[in-house]
Amino acid sequence: MTFKAIIDEIENNLKKILSDISVLEVDFSVEPSKSGFGDVSSNISFLLANQLKKSPKDIAEMISQRYLELPKTLVVRSKPHPSGYVNFLADWEKLNQLILSESILPEFGNVDLGKNSTVVVEHTSVNPNKALHIGHVRNIIIGDTVSRILRKVNYTVNVLNYVDDSGLQVADIIVGFKHLGFEQEPPDGKKFDHYCGDDVYVKTTEKREQDPSIEEIRRMVLKELEDGDSEIVRFRDRITRRVLSDQLETCWNLRVSYDCLNFESQIIRSGLWSRAFKKLKEMDLIKFENEGKNQGCWVIRGEKEENDKVVVRSNGTATYIAKDIPYAAWKLGLLEDPFQYSKYEKEQPCAKTLWQTTLSGGTYSRNFSGEKVITVIDSRQARLQDIVTSLMGKFKSAPDAYVHLGYESVTLSSDTAKTLGLDTDGKQAQMSGRRGLYVSADSVYELLKEKTLKETKTRHPEMSEYEINQIAHNVAVGTIRYEMVKQDLDKIIVFDLDKSLSLEGDTAPYIQYAHARASRILEKAQRAPSIDVDFAMLKEKSELDLVKTIGLFDLNIRDAAKNLSPKVISRYCHDLAVAFNLFYEKSKVLDLGDENLERARLCLVNSFKITIKQALDLLGIDAPERM
RNA sequence: GGACUCGUUGCAUAGCUUGGAUAGUGCGAACGCUUGCGGAGCGUUAGGUCGUCGGUUCGAAUCCGAUCGGGUCCGCCA
């Protein structure tokens, strides 16, 4: 139990009062107070005003009066506010003990929303023909953070990365390699994924747009790639595997990991589509058109006729969305699994086994489906995802089994676009892989790391290269991850190279720094922190605010998990760091000449350190001991 | 044309799901704070008709309706 304990106590007592004065149930709130209004507040009087025909102020006084007579454990007293709120003051000696002793346990913050059920999270899903750019990173970090949060609330999470190795984008670079004479080896030291994206893809596209004969070649290549086994298919597999491998390096470097890689080419060859197609027909969810503009096609009915969506063309081939439907159904475990699985050739840094689908030669039978599926895709795909969601709702007869977690894209500031050679007249610009207009994830990381490296070196001239390198890495990764989740999913991130390099204010380093400060205090203390202390010693406002914020950990986790909202955790981390920095400024811990006070404050510092580390871990951000 | 989404101070954002107290934070600006557990920090000051209009309500940044402005989507492309 944490701060929620006092909330529950108040809620129960207020319910008792309601039944004592025999009024109808009302759905009142009991929440942590805004600063300056006690510790816990309830809006109960506002909701009763109508029924009791009294002013909220009078009701607050009445309730507060009655509350005083009820048994109290964690509440010292109730206090009506002229505005109508009923505020409560906590018994901080008890609450301190409750929260601080709980906070050092490994299960602190655990909330059982998942009941150990399985959920699939799919994210990343980038075409394997280029390096990841900063827009992809938003997808990856949202997906990874949501996965971490869901694990914390007792879901078993299967993380999937859908590798679209059979589309036009891949065909483009194959054309480049096979028909336009691009070397297969990148120039000195360049990562293969960067080479494919920056050079082969961009230049091939450029040439294709100028020369219609290349368009023809691409059509041919695309057709050849559909065959199950040919020289060019093997070549394609070699190239895309190599790009994928480099992309995964980027992800792993950002502390992101997966459970299984799903290859689109295999999904197509597996026959999964025909099973889904059969099911769609059986359930009468699609219709063959005998006339009209979609004559000869199978379509999914929209609410209006112009919203009808073609799934099978009049020539019998399946459209783009027809790949998503069987895959979604597979993720929900609704279709018989055609795949075998094998271990991916490289190990993930987190040591978790990474599996991949295969159609033959796999030796393991695995199950990566889930009762719920969350697909992270940017909101430009919302329309198609809505169709998939509604179909899956009918397949599974549960409307919320399939969730499209959408988010707005990352655009480039006009300044940054200009440095990439595009004058946008002061407007932000959409990134474009085809036009070479993007900022790569690796380059942002490198810039941040370089900057942090310099900073750390001047602060710690005594440190080893290795140690400095580790810190710079953790700060750089933290900064990127934090920037990607700290704001609402449906707000555009305008990425600016200069501004994104800031390490001050509402950033990961600010939070990491608070952790480093706490670590140093504990390191310098002459004794180990203990919870066997006099909790009554902690009574300064800055101390109690810090305890309170620590105690709100589980409530924030619940909120973040329920709403699939990573920013809730990033805000919590920030609030926690602010509370600590205020405490740090106001209350000295060491050399106080008061043993009991020092022990109590050390206990608090230790709880903070453990909690902020756990909270940052949900964001995939490391908490360094020094920086 | 239809649909979705965003609009809060010079800039960037939180709060909106579940309506109530003093709209919180960061950057930028001005001025301060280290013989002190680390200044990637802390404090003070300036800056807000919560796009606009209307409705519901005792009460609206929050709910509803219109409207304006930015962005996105709407193919037998992927």
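Each chain gets a letter, A, B and so on, in the order its sequence line appears, and its residues count up from 1. Predicted model, so just to flag it, every value in this text is computed and none were measured. Side chains are part of it too, since the values below use all heavy atoms of this structure and drop only hydrogens, waters and symmetry mates.
Heavy atoms from other residues, nucleotides or ligands lying under 6.0 Å from CD of Glu209(A) number more than 12. Atom NZ of Lys281(A) has more than 12 heavy atoms from other residues, nucleotides or ligands within 6.0 Å.
Taking atom C1' on both nucleotides, rG15(B) is separated from rA60(B) by 14 Å, rounded to a whole Å. Taking atom C1' in both rU9(B) and rG48(B), the straight-line distance is 5 Å, to the nearest Å. To the nearest whole angstrom, the two P atoms, one in rC58(B) and one in rU13(B), are 36 Å apart. Comparing the same atom, P, in rU8(B) and in rC63(B) gives a spacing of 16 Å after rounding to whole Å. Separating the C1' atom of rG71(B) from that of rG32(B) is a span of 43 Å, rounded to the nearest Å. Separation of the C1' atoms belonging to rA61(B) and rC50(B) is 5 Å when rounded to the nearest angstrom. Rounded to whole Å, the C1' atom of rC77(B) lies 32 Å from the corresponding atom of rG69(B). Between rG65(B) and rU5(B), the two P atoms lie 12 Å apart (nearest whole Å).
Contacts of Asp591(A) with the nucleic acid, taken as non-hydrogen atoms under 4.0 Å apart, are absent. Using a 4.0 Å heavy-atom criterion, one finds that Ser41(A) contacts the bases of the nucleic acid, with or without backbone contacts as well.
With rC6(B), rC37(B), rA21(B) as the choices, the nucleotide that has an atom nearest any side-chain atom of Lys491(A) turns out to be rC6(B). Distances from the side chain of Lys567(A) to the nucleotides rA21(B), rU5(B), rA14(B) place rA14(B) closest.
Checked against a 6.0 Å centroid threshold, the rings of Phe46(A) and Phe28(A) do not count as neighbours. The ring of Tyr327(A) has its center closer than 6.0 angstrom to the ring center of Tyr162(A).
Rounded to a whole Å, the CD1 atom of Ile377(A) is 18 Å from the P atom of rU5(B). Atom CG in Leu47(A) sits about 8 Å away from atom P in rG19(B), given to the nearest Å. Following rounding to the nearest Å, Phe583(A) (CZ) and rC37(B) (C1') show an atom-to-atom distance of 10 Å. Between the CG atom of Asn50(A) and the P atom of rU56(B) there is a distance of 16 Å, given to the nearest Å. Between the C1' atom of rG20(B) and the CG atom of Asn87(A) lies a distance of 12 Å, rounded to the nearest Å. In this structure, Arg527(A) atom CZ and rC37(B) atom P are separated by 17 Å, rounded to whole Å. In this entry the distance linking CZ of Phe46(A) with P of rG19(B) reads 12 Å, nearest Å. Straight-line distance from the CZ atom of Phe28(A) to the P atom of rG19(B): 15 Å, rounded to whole Å.
The base-pairing partner of rU67(B), taking Watson-Crick or G-U wobble contacts with both distances under 3.5 Å, is rG51(B). Base pairing annotation: rU44(B) forms a Watson-Crick or G-U wobble pair with rA30(B), both donor-acceptor distances under 3.5 Å. With a 3.5 Å ceiling on both atom-pair distances, the Watson-Crick or G-U wobble partner of rG1(B) is rC74(B). Base-pair partner of rA60(B): not found among the strands shown (Watson-Crick or G-U wobble, both distances under 3.5 Å). Base pairing annotation: rU18(B) forms no Watson-Crick or G-U wobble pair, as no partner gives both donor-acceptor distances under 3.5 Å.
Residues Leu412(A) and Thr416(A) approach most closely at CD2-CG2, 4.2 Å, considering heavy atoms.
Classified by interplanar angle (parallel below 30°, tilted 30° to 60°, perpendicular above 60°), the ring pair His136(A)/His133(A) is parallel. Relative ring orientation between Phe580(A) and Phe583(A) is described as tilted, the plane-to-plane angle lying within the 30° to 60° band.
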From CA spacing to verdict: ring-ring contact (aromatic ring centres under 6.0 Å, His included), Phe608(A), His515(A): CA-CA 8 Å; Phe608(A) 162 75; His515(A) 176 267; 7.4 Å; no
Heavy-atom protein contacts under 4.0 Å, nucleotides 38-44 of chain B, coded B base, S sugar-phosphate only, - none: BSBBSS-
Annotated protein contacts, base or backbone, on nucleotides 67-78 of chain B with a non-hydrogen cut-off under 4.0 Å, one of B, S, - each: ----SSBS-BSB
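Judged purely by distance below 3.5 Å, without hydrogens or angles, the side chains of Gln487(A) and Arg571(A) never pair a donor atom with an acceptor atom. A donor and an acceptor atom, one from each side chain of Thr240(A) and Asp165(A), are nowhere located under 3.5 Å apart.
In this structure, His404(A) contributes its side chain and Ile377(A) its backbone to a donor-acceptor pair below 3.5 Å.
Taking syn as a glycosidic angle within 90° of 0, rU18(B) does not qualify and is anti.
Ranked by how close their nearest RNA chain B nucleotide is to the 5' end, Glu31(A) and Leu489(A) are led by Leu489(A).
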